[in-house]
Amino acid sequence: AAKDAGRATSEFFNEGLREQATNHLHMHHAILQGLQNNEFLVHYQPVINSKDGTLHSIEALARWQHPTRGLLLPKEFISIAEKSGAIRELGHFVLTQASRDLKKLHAAGIDGRIAINFSSHQFYDRIAVEHWFAIMKEEHAAPENFTFEITESMLLPDRERQRELLLEIHDAGITLTIDDFGTGYSSANYLRHFPISMLKIDRAFVEGVPDDPHQNALLSALIHMARALGIDVVVEGVETVSQVNFLNMQTANLIQGFYFAKPMSIEQLIKHYGRKEKTARSDG
Ligand code: C2E
Ligand code: MG
Ligand code: MG
Ligand code: MG
């Protein structure tokens, strides 16, 4: 009976794995197909300097306008893209689109780097990195226009190869930001060994601020730690004026959150933050 049970379990297990594999294969195909059919797009969310309301930088966020399921957010496809390998093509698309949109931003008088998200799955070898440089060159977008957002897992000591790739990227003029800071392994020590320009403190640390003293203490500790290391800070997920006021008191002025702006199309971004054009009717 024990043997039967064992076999049943393993068959069940294999069935589950097979289903998962089939599903991944399907999704891999669907994502590549979607890229072919131009169903993917990039939205942009500004990082605002709360001192004067000016735009500091812009984060590129992938979206999938699915033919039957509607507009899909990254939680519906990024992790599948990572597991299936389609993240490679998706990453190329996002970087290409951002490089093109950069020209529109410059034409509208909008400066500031575009932040591109990269998961550790995308840093597999030098060929991947060379491909990114080839895209920027092809699109005539200088590396100095970009910051790459990576996560703390990339800073682990056993990631020697990734460390080399990060140094190469940094040397080319791209700045590096640690995204979702505070949610991964505490890497305060490793931060010293990497050319990191900025930390983005995860939204989880803003929730409850300023009513929860524990959260207030944590958030302000993270801000001060970054500062002690000489690294700029962006606080993500800021939704209320009282959160903005709290951050102002900490002199943490770089803010990304729904309070200032949600992710939007390039056209909307230009409309809101571009140089205001004088209209024919203007008499001033
Ligand atoms: P992230 O890089 O931490 O991006 C910030 C996320 O927080 C975005 O979600 C944004 O819409 C959301 N957000 C910003 N402000 C607020 C706020 O005030 N309140 C709330 N509730 N949310 C806020 P989104 O666009 O759904 O992206 C989720 C994640 O997907 C990103 O988190 C990033 O890790 C990943 N992602 C997005 N685009 C790409 C991509 O092109 N490549 C890779 N590898 N990952 C991507
Ligand atoms: Mg990000
Ligand atoms: Mg984040
Ligand atoms: Mg993230």
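We use all heavy atoms of the structure for the numbers below, so side chains are in, but hydrogens, waters and symmetry mates are not. Along the sequence shown, the residues carry numbers beginning at 1. Counting convention: from 1, in listed order, for ligands and their atoms alike.
Distance check for Glu236 against the Mg ion (ligand 2): none of its N/O/S atoms falls below 2.8 Å. At least one N, O or S atom of Asp180 sits under 2.8 Å from the Mg ion (ligand 3). The Mg ion (ligand 2) lies under 2.8 Å from an N, O or S atom belonging to Asn117. For Glu149, every N, O or S atom stays at 2.8 Å or more from the Mg ion (ligand 3).
Atom OD2 is the N/O/S atom of Asp179 found closest to the Mg ion (ligand 2). Within Glu59, the N/O/S atom positioned nearest the Mg ion (ligand 2) carries the name OE2.
Using a 4.0 Å cut-off between a side-chain N of Lys or Arg and a carboxylate O of Asp or Glu, Arg161 and Glu164 do not qualify as a salt bridge. Note on Arg203 versus Glu207: salt bridge recorded, some NZ/NE/NH1/NH2 to OD/OE distance being below 4.0 Å.
Of the candidates Glu149, Glu239, His121, Glu239 brings a heavy atom nearest to atom 21 (N) of ligand 1. When the heavy-atom distances from atom 29 (C) of ligand 1 to Ala60, Pro74, Ala98 are ranked, the shortest goes to Pro74.
Checked by distance only, ligand 1 and Phe258 come closer than 3.5 Å through their nitrogen or oxygen atoms. Residue Phe118 has no nitrogen or oxygen atom sitting less than 3.5 Å from a nitrogen or oxygen atom of ligand 1, judged on distance alone. Between Asp179 and ligand 1, at least one N/O pair is under 3.5 Å apart. Residue contacts with ligand 1: Glu236 is placed with a nitrogen or oxygen under 3.5 Å of a nitrogen or oxygen of the ligand (distance criterion only).
How far CG of Leu73 is from CD1 of Ile78: 10.5 Å, rounded to the nearest 0.5 Å.
Pro46 approaches Met264 most closely through the heavy-atom pair CD-CE, 4.1 Å. Scanning both residues, Glu239 and Gln243, for their nearest heavy atoms gives N-OE1, 2.8 Å. Across all their heavy atoms, Leu90 and Leu35 have their closest contact at N-CD1, 3.8 Å.
Residues Phe40 and Phe77 bring their aromatic ring centres within 6.0 Å.
The part of Ile78 lying near ligand 1 is the side chain, judged by heavy-atom distances below 4.0 Å. Counting heavy atoms under 4.0 Å from ligand 1, residue Arg203 touches it through the side chain alone. Under 4.0 Å from ligand 1, the heavy atoms of Glu59 that appear belong solely to its side chain. At a heavy-atom distance under 4.0 Å, only side-chain atoms of Gln45, from C-beta outward, approach ligand 1.
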Please tabulate, for the side chains in residues 103-112, all donor-acceptor contacts under 3.5 angstrom to protein atoms that are two or more places apart in sequence or on a different chain.
from   : atom 1 : to     : atom 2 : distance (Å)
Lys103 : NZ     : Glu139 : O      : 2.6

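Residue contacts with ligand 1 include Arg63, since one of its heavy atoms falls under 4.0 Å from the ligand. Distances shorter than 4.0 angstrom do not occur between any heavy atom of Lys262 and any atom of ligand 1.
Partners of His131 according to the ring-ring contact (aromatic ring centres under 6.0 Å, His included) rule, which considers only residues two or more places apart in sequence or in another chain, are His92.
Listed by number with element, the atoms of ligand 1 under 4.0 angstrom from any heavy atom of Val238 are 18 (O). The ligand atoms of ligand 1 that sit less than 4.0 angstrom from a heavy atom of Ser119 are 44 (N). Every atom of ligand 1 with a heavy atom of Gln122 under 4.0 Å away is listed here by number and element: 44 (N). Within the listing of ligand 1, atoms 41 (O) sit less than 4.0 angstrom from a heavy atom of Val94. Taking every heavy atom of Pro263 and a limit of under 4.0 angstrom, the matching atoms of ligand 1 come to 11 (O).
Neither Ile201 nor Leu61 shares a network with the other; the hydrophobic side chains, linked directly or stepwise wherever heavy atoms of I, L, V, M, F, W or Y lie under 4.5 Å apart, form separate groups for each. Hydrophobic clustering keeps Leu95 apart from Tyr124 (ILVMFWY residues linked when any side-chain heavy atoms are closer than 4.5 Å, directly or through intermediates).
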* Can you list the steps and then say if Gln65 with Asn38 is a side-chain hydrogen bond (donor to acceptor under 3.5 Å, both in side chains)? -> CA-CA 9 Å; Gln65 186 63 59; Asn38 297 318; over 6 Å; no

* Asked: Hey, mind stepping through Ser50 and Asn253 against side-chain hydrogen bond (donor to acceptor under 3.5 Å, both in side chains) and telling me if it holds?
  -> CA-CA 5 Å; Ser50 64; Asn253 298 110; 3.2 Å; yes

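Formation of a donor-acceptor pair under 3.5 Å by the His224 side chain with backbone atoms of Ser220 is found in this model.
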